[in-house]
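Residue numbers start from 1 in every chain, and the chains themselves are labelled A, B, ... in the order their sequence lines are given, proteins ahead of strands. The structure displayed is predicted, hence computed values, not measured ones.
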Amino acid sequence: MKMSHYFLPTLKEVPSEAQLVSHRLMLRAGMIAQECAGIYHWLPLGLRVLQKVEGIIRKGLDDAGFHELLMPTLQPAELWEESGRYEAYGKEMLRITDRHDRRLIYGPTAEEAITDIVRRFIKSYRELPQVLYQFQWKFRDEIRPRFGVMRGREFYMKDAYSFDIDRESAEKTYGRVIQAYMEIFKNLGLKAIPVRADTGPIGGDLSHEFQVLAETGESDIYYDGDFDDFTFRGGEEDLNRIKKLYAMADDMHDSALCPVPEDRLKHKKGIEVGHIFYFGTKYSLPMKTTVTNEQGKPILVESGSYGIGVSRVVAALIETNHDEFGIKWPEQVAPFKIGLINLKVGDDQSDRVCAEIYERFRNAGVEILYDDRPESVGVKFSTMDLIGLPYQIIVGPRGLKEGQIEVKDRRSSEKILCSVEDLYQRFLSHA
RNA sequence: CGGGGCGUGGCGCAGCCUGGUAGCGCGCCUGGUUUGGGUCCAGGAGGCCGGAGGUUCGAAUCCUCUCGCCCCGACCA
């Protein structure tokens, strides 16, 4: 992508409404723009990151054997009356009336919708367990939206729903999701701790929040310091270790009952990037969702639901990956892998070398953003640091005189000088 | 919803108290200049001051209402 033709409205000054660093950087880097309170446009650069995050989550879920579908944003009120949540969910739920005075709601979650699908199409225990998921925009009419996409009213969410024949099987599925989530968050470059949590309006009796440690987090969590050294490799053994380690949301923590010795107990702030629930027959009972068991008798299905705040993950990534100059994207979620800076547009040699590098990387399928704008060097360096691409390739007359270009690692700030051939060697040898 | 703050060119702000129909920085456009960390110079475009009503000879400035946004709290994935 050539920056001269890209849509990248970066800001030099910080819009006054933004307090949180991720909110500021997303606005300044031209990733998002506010539409109204708690509702945001995702501009090209931001959308690329959102889609990268989505892709990593999708792969993790598909690898775990779950199946993606897509449900509508709008749902009929009747479905929610059937589960009893039409009244219970309260003002957070956006209610709409269509031209025929039919009552609709903009989905804040989709337990009713998915349960309706399952009861219509799944008839036998042989078809279970089943885990279905989607990526879809949700709307929850927060009393006070804040912090940009961290706590927006409209947000992009991955929501998964599981269906099993009994509690034992359902808890196994619950464990499979925990494993998939640990893998996903690791792949996203986030350290997430699963903490025991209250179940809230989703309901049920088993629930974990996945918390990313960050000073600016809105949640208070208490956990065994051993979590800090815990690296998830997957498998039954690690899952059992996770289940044993103490980690609690503040409303679940009781210092009198906490088994962790004081010197090992950590109390920190976290960003809740995921929340999972096991709720048994909470929806299958009122919605009469049964399958036939081995004896040919109808049994209620046992369910759980599992969310990841995709748009919030983007903000969480910035909260944990930035410095005073801007964002420092982990490579796997970066909007582009490489930023190419032509320090002197108009200089024959610089133009030629940049054009060659740009084409070579593009042909190799490496995502590269080429700053070919006739701006001063300071502007280019600042822009590139701000948007935080992992590697900067800096080309100018001074270096070219020695046959050299510069490669800067945005995360480590490490700079090396090398030839163009070395550059290809380093980035394209395996491609 | 309770408490607080703010709405003035794209962004950040001053002007408002002590009414006389708008100013600064950045950005944008043009020309020149500069070229390894938001370069410098000159010229230029762009706002009727969130909206409505009122007071007044006259309102961005005063009054009333209203809409929007932000912060704290309660609440929440």
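- Geometrically, A:Arg48 engages A:Phe336 in a cation-pi contact defined by less than 6.0 Å to the ring centre and at most 45° from the axis.
- Set against B:rA77, B:rG37, B:rA74, the side chain of A:Arg146 has B:rA74 as its closest nucleotide.
- Residues satisfying the ring-ring contact (aromatic ring centres under 6.0 Å, His included) test with A:Tyr86, not counting sequence neighbours, are none.
- Within 4.0 Å (heavy atoms only), A:Arg28 reaches at least one base atom of the nucleic acid.
- Nucleotide B:rG73 forms a Watson-Crick or G-U wobble pair with B:rC1, both donor-acceptor distances falling under 3.5 Å.
- The pair A:Lys138-A:Asp159 meets the salt-bridge criterion, with a side-chain N (NZ, NE, NH1 or NH2) lying under 4.0 Å from an Asp/Glu carboxylate O.
- Under 4.0 angstrom from either OP1 or OP2 of B:rC72 there lies at least one side-chain N or O belonging to A:Arg144.
- Across all strands shown, B:rG10 forms a Watson-Crick or G-U wobble pair with B:rC26, both key distances being under 3.5 Å.
- Aromatic ring centroids of A:His208 and A:Phe210 lie 6.0 Å or more apart.
- If you take CD of A:Glu324 and P of B:rG38, they are 14 Å apart, rounded to a whole angstrom.
- The listed nucleotides are B:rA77, B:rU39, B:rC70; the one nearest the side chain of A:Arg140 is B:rA77.
- Side-chain contact annotation: A:Asp351 with A:Asn342, donor-acceptor N/O pair under 3.5 Å present.
- Picking from B:rC71, B:rG38, B:rA77 the nucleotide with the shortest atom distance to the side chain of A:His275 gives B:rA77.
- B:rA59: no Watson-Crick or G-U partner with both key distances under 3.5 Å is found in any strand.
- The partner of B:rU64 is B:rA52, by the rule that a Watson-Crick or G-U pair needs both atom distances under 3.5 Å.
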Tabulated below should be each protein N or O lying under 3.5 Å from an N or O of nucleotides 6-11 of chain B; please produce it.
| from | atom 1 | to | atom 2 | distance (Å) |
| --- | --- | --- | --- | --- |
| B:rC11 | O2 | A:Glu13 | OE1 | 3.1 |

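- Of the candidate nucleotides B:rA74, B:rA77, B:rC26, B:rA77 has the atom lying nearest to any side-chain atom of A:Glu142.
- Distances were taken from every side-chain heavy atom of A:Ile143 (C-beta onward) to each of B:rC75, B:rC70, B:rU39; the shortest belongs to B:rC75.
- At a threshold of 4.0 angstrom between heavy atoms, the contacts of A:Gly274 with the nucleic acid are absent.
- For the residue pair A:Tyr370/A:Glu359, the side-chain donor-acceptor check at 3.5 Å is not satisfied.
- Ion pairing of A:Arg410 with A:Asp323 is present here, as a side-chain N (NZ or NE/NH1/NH2) and a carboxylate O approach within less than 4.0 Å.
- Each of B:rA77, B:rG38, B:rC70 was ranked by its minimum atom distance to the side chain of A:Val379; first place goes to B:rG38.
- Between A:Gln34 and B:rC70, a side-chain N or O to OP1/OP2 separation shorter than 4.0 Å is present.
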